[in-house]
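What follows is a short report on a single structure.
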Amino acid sequence: KRGLGIDIAETRWDDIGGLDQVKQTIRRAFEWPQKHKHSMQRLGLRPPRGILMYGPPGCSKTTLVKAVATQEKITFFSINGASIYSPFVGDAERTLRQVFQQARSSIPAVVFFDEVDAIVGKRERGGSSGDSVQERLLSTLLNEMDGVEMAEGVLVIGATNRIDMIDTALLRPGRFDQILYVPPPDSDARKGILQIKTRRVPLADTVDLARLAERTEGFSGADLDNLCREAALLALREDIGAKRVNGRHFDDALAIVQPSLSKKVMEPY
Ligand code: ATP
């Protein structure tokens, strides 16, 4: 896979627990313009230019994008702070323009901004001169998304934990026109995630994933991943020849792995 920055491990939609609604919205935004172009045109619908995903950390925003990137035909570009910042003035903007240029010449393409709030920043009202790298990147991105050359077939996806740090100019129609809240997993979703994370783990009958899902309020997908790993490690530590992970290992793991989501971060903005 072509791309800039992070590696793109194969991710299938069913590697992601819960989030049926979110998955469906993303798939449609991405597949409809390709599969149902004429039907959309008939009803005067434009394909979305951008989707902004927001929600608490560790709840699979990046993983959702990886599932998009795993789709066969698309060319995937990923931009994060580390891949774009340069000590040389003007370099970051130039890189960004080049990425869009490449994306336009290899449609269908996705340009993904991880932690988009940290990359393009927010203009202060009546504040600074508009000359920080972030502010210049913001104008470049707005230009690229508005530009007449912005080809259909280029979808921009942004992910953030801090939607309050996103410049409102980016939220106007024609830019990020779909704002998607990626919620923390509820009990059902947690059960789904636990099932996925233990697919390759032999479990004893004493492990009750439904019950475990109920006991893990406030756990993000990433926390649940840690929990399963910790339980397996405890089983090994107890007996290096262990063949199964049992309920007690999970109980003990629960005393070690703490939920990272507080009530406050669990509400949509
Ligand atoms: P951040 O904002 O911190 O970047 P994120 O929302 O992008 O977080 P991911 O990086 O996608 O979260 O997820 C972190 C880890 O948690 C991944 O390794 C993924 O396997 C796991 N994970 C999170 N949510 C889910 C889920 N719904 N189903 C399966 N795995 C999940």
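For the single chain, residues carry numbers from 1 onward in sequence order.
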Hey, is [X] close enough to [Y] for a salt bridge, meaning N to O under 4.0 Å?
X    : Y    : value
D188 : K191 : no
R46  : D177 : yes
R248 : D251 : no

Of V156, T62, V68, I51, which is the lone residue that meets side chain to side chain contact (heavy atoms under 4.5 Å, CB included) with F112?
->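 Per the side chain to side chain contact (heavy atoms under 4.5 Å, CB included) rule, the option paired with F112 is T62, out of V156, T62, V68, I51.
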Tell me, with the steps shown, if L96 and I119 meet side-chain contact (heavy atoms from CB on, under 4.5 Å).
-> CA-CA 11 Å; L96 189 56; I119 301 172; over 6 Å; no
Nearest heavy-atom neighbours spanning [X] and [Y]:
X    : Y    : result
F100 : L141 : CZ-CD1, 3.7 Å
P57  : L261 : O-CD2, 4.0 Å
L52  : A159 : CD1-N, 4.4 Å
A109 : S106 : CB-O, 3.8 Å
V245 : V201 : CG2-CG1, 3.6 Å

Shared hydrophobic cluster for [X] and [Y] (ILVMFWY, side-chain gaps under 4.5 Å):
X    : Y    : result
I166 : V111 : yes
W32  : L155 : no
M53  : I193 : no
V207 : I196 : no

Nearest 0.5 Å, what's the [atom1]-[atom2] distance between [X] and [Y]?
X    : Y    : atom1 : atom2 : answer
N161 : Y54  : CG    : OH    : 12.0 Å
I157 : D114 : CD1   : CG    : 11.5 Å
L64  : D15  : CG    : CG    : 11.5 Å
I79  : F113 : CD1   : CZ    : 4.0 Å
T63  : I16  : OG1   : CD1   : 6.0 Å
R211 : F250 : CZ    : CZ    : 14.0 Å

[X] side-chain N/O to [Y] backbone N/O, donor-acceptor pair under 3.5 Å:
X    : Y    : answer
R190 : A213 : yes
D117 : T160 : no
R175 : A169 : yes
T11  : K66  : no
D252 : H249 : no
R49  : M145 : yes
K61  : G55  : yes
S132 : E135 : yes

In the structure I gave you, are the side-chain heavy atoms of [X] and [Y] within less than 4.5 Å of one another anywhere?
X    : Y    : result
P202 : K243 : no
Q102 : V99  : no
L209 : L203 : yes
E144 : R104 : yes
I74  : F30  : yes
L137 : Q134 : no
P183 : V22  : yes
K37  : M40  : no

Can you list, pair by pair, the side-chain donor-acceptor contacts under 3.5 Å of residues 224-236, counting residues two or more places apart and other chains?
unit_1	atom_1	unit_2	atom_2	d
N226	OD1	R229	NH2	3.3

Neighbour count >12 (heavy atoms, 6.0 Å) for atom [atom1], [X]:
X    : atom1 : value
E238 : CD    : yes
W13  : CH2   : yes
R199 : CZ    : yes
D205 : CG    : no

Remaining members of M165's ILVMFWY cluster at a side-chain heavy-atom cut-off under 4.5 Å?
-> none
Using only heavy-atom distances, determine whether the side chains of S220 and D223 contain a donor-acceptor pair under 3.5 Å.
->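 There is such a pair between these side chains.
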For side-chain contact (heavy atoms from CB on, under 4.5 Å), just list the numbers for L254 and F219, CA-CA rounded to whole Å, side-chain angles, deciding distance to a tenth of an Å, and then say yes or no.
-> CA-CA 11 Å; L254 271 175; F219 279 61; 3.9 Å; yes
